[in-house]
Amino acid sequence: METPPVSPMGEKDTPQLQQQREKNSQENLDSIIQIRQQPGYPPTETLDLGMSLDPASHILENTQGTEKLVAELEGDSNKFHGSTSEMPEALQASDIWYCPDGSFVKKIIIRGRGLDKPKLGSRCRVLALGFSFESGPPEGWTELTMGVGPWREETWGELIEKCLESMCQGEEAELQFPGHSGPPFRLTLASFTEGWDSWELETREKEALATEERARGTELFRAGNPEGAARCYGRALRLLLTLPPPGPPERTVLHANLAACQLLLGQPQLAAQSCDRVLEREPGHLKALYRRGVAQAALGNLEKATADLKKVLAIDPQNRAAQEQLGKVVIQAKKQDAGLAQGLRKMFG
């Protein structure tokens, strides 16, 4: 049984306030759903690994060299490109902000007003200057909606969203990214509409948003972008993990799909963990067993890989992918045993 919502001061909402809140939530959800630009969703069944990819290093994954950025940002402000309409106050420690994952460092040039920051669903009016990615944000003024839209899957999308989450209205900042030797990029948050935290959403709203993310992830995977797909599946899972246990069955498919992306991205340890989550709920899930077997083989855990692949073949003896992978694991195990025997002969011979 659900308890009545409680205000920040600890008072229970009145029926009138609760009714208004539900109306606002529905309007917010409707506005999010309408933002989708592509009609219809693709099927979102568990993905097959019918593609190959040699993932290159990505700026989002580069967490080294952050310390060097601070020295660059603390240098002469005249080095920064562009101009401001007012002189910034003396630089303080609070004017330098490190993104927790090390993907960028932000220097505040003009402080914003108030304490509020953009949240999920906030429509932000943004000025972006100097971004030089192959697919960067539009130069000049643009509007971006937090948590919604295909712009988040671009190379620059997640970086911009992380930065906006840390900004107040009217704030202007310079951004520096590891591996980028040019002048800092400039981002200004002119205004934003009120959004909401995930805990404020109703169960049906979270599930609807998770469905959006899942559909977009499947689109990106089939378009050959497993990195963007992984971000979508991760966001969908974070929404659904806030629901009471056992949670919706979609979590199983999302973990399985995430494992497929992680294998293609060369992340076998993460893929094995994602498969574990699937198999905790469905011990006989064929694709999770197969993908965990592939991941364990990549990690050199050949006995575990063999066990998983044999389970797949026990359920589906005609599974050619599992047959081929098991054959590779057997050959790999023989080479490993031969190398070990040769080492022992040299040691004791």
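Because only heavy atoms are used, hydrogens play no part in the values below, and waters and symmetry mates are left out as well, while side chains stay in. A quick note: this is a predicted structure, and the numbers were derived from the prediction, not measured.
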Pair Glu143-Val126, side chain to side chain contact (heavy atoms under 4.5 Å, CB included): steps then yes or no: CA-CA 6 Å; Glu143 288 195 358; Val126 176; over 6 Å; no
No-hydrogen, no-angle side-chain donor-acceptor test under 3.5 Å, Gln262 and Ser274: yes
Non-hydrogen atoms of Val329 and Leu302 that approach each other most closely: CG1-O, 3.9 Å
Leu270 and Leu258: CA distance, side-chain angles, deciding distance, side chain to side chain contact (heavy atoms under 4.5 Å, CB included) verdict: CA-CA 9 Å; Leu270 295 177; Leu258 183 58; over 6 Å; no
Nearest-0.5 Å distance, CG of residue Leu120 to CD of residue Glu205: 9.5 Å
Lys117 and Ser166 side chains, donor-acceptor separation under 3.5 Å: no
For the student: nearest non-hydrogen atoms of Ala297 and Gln325, plus distance: CB-NE2, 4.1 Å
Spatial distance of atom CD (Gln332) from atom OG1 (Thr306) [nearest 0.5 Å]: 9.0 Å
Pairwise distance CG(Leu187) to CD1(Ile160) - rounded to 0.5 angstrom: 5.0 Å
Under 3.5 Å donor-acceptor, Gln323 side chain and Pro317 backbone: yes
Evaluation steps, side chain to side chain contact (heavy atoms under 4.5 Å, CB included), between Leu220 and Cys232: CA-CA 9 Å; Leu220 292 169; Cys232 288; 3.8 Å; yes
Trace of the salt bridge (Lys or Arg N to Asp or Glu O under 4.0 Å) decision for Glu172 with Lys107: CA-CA 9 Å; Glu172 183 175 341; Lys107 175 184 175 181; over 6 Å; no
Gap between atom CZ of Arg235 and atom CG of Leu240 - 0.5 Å precision: 13.5 Å
For Trp141 against Ala190, the heavy-atom pair lying closest together: CZ3-CB, 3.5 Å
Glu171 side, atom CD; Leu164 side, atom CG - distance, nearest 0.5 Å: 9.5 Å
Check: Asn301 side chain, Lys304 main-chain N or O, donor-acceptor pair, under 3.5 Å: no
Common cluster, Phe192/Met167, ILVMFWY with side-chain heavy-atom separation under 4.5 Å: yes
Plane angle bin for Phe177 and Phe104 - parallel if under 30°, tilted between 30 and 60°, otherwise perpendicular: perpendicular
Common cluster, Val253/Leu241, ILVMFWY with side-chain heavy-atom separation under 4.5 Å: no
Test side chain to side chain contact (heavy atoms under 4.5 Å, CB included) applied to Leu189 and Cys168, step by step: CA-CA 7 Å; Leu189 175 60; Cys168 298; over 6 Å; no
Hydrophobic cluster identity match, Leu254 and Leu243, side-chain contacts under 4.5 Å: yes
Expected output: side-chain Glu213 to main-chain Ala210 donor-acceptor under 3.5 Å: no
Residue pair Thr252 / Arg281, side-chain donor-acceptor N/O under 3.5 Å: yes
Closest heavy-atom pair and its distance - Tyr233, Gly217: OH-C, 3.3 Å
Test salt bridge (Lys or Arg N to Asp or Glu O under 4.0 Å) applied to Glu207 and Arg204, step by step: CA-CA 5 Å; Glu207 291 177 343; Arg204 60 183 178 79; over 6 Å; no
Cluster link Val278 to Leu237, ILVMFWY, side chain under 4.5 Å: no
Shortest non-hydrogen contact from Glu139 toward Gly130: OE2-N, 2.9 Å
Lys106/Asp95 salt bridge by N-O under 4.0 Å criterion: no
Leu313 and Lys311, any side-chain heavy atoms less than 4.5 Å apart: no
Main-chain N/O of Gly293 paired with Gln296 side-chain donor or acceptor, under 3.5 Å: no
Hphob cluster co-occupancy, Leu263 + Leu279, side-chain heavy atoms under 4.5 angstrom: yes
Interatomic spacing from CG in Leu127 to OG1 in Thr188 - rounded to 0.5 Å: 4.5 Å
Qualifying residues under side-chain contact (heavy atoms from CB on, under 4.5 Å), relative to Glu161, sequence neighbours excluded: Met146, Trp151, Arg152, Glu165
For Leu239 against Lys206, the heavy-atom pair lying closest together: O-CD, 3.9 Å
Leu289 and Cys275, any side-chain heavy atoms less than 4.5 Å apart: no
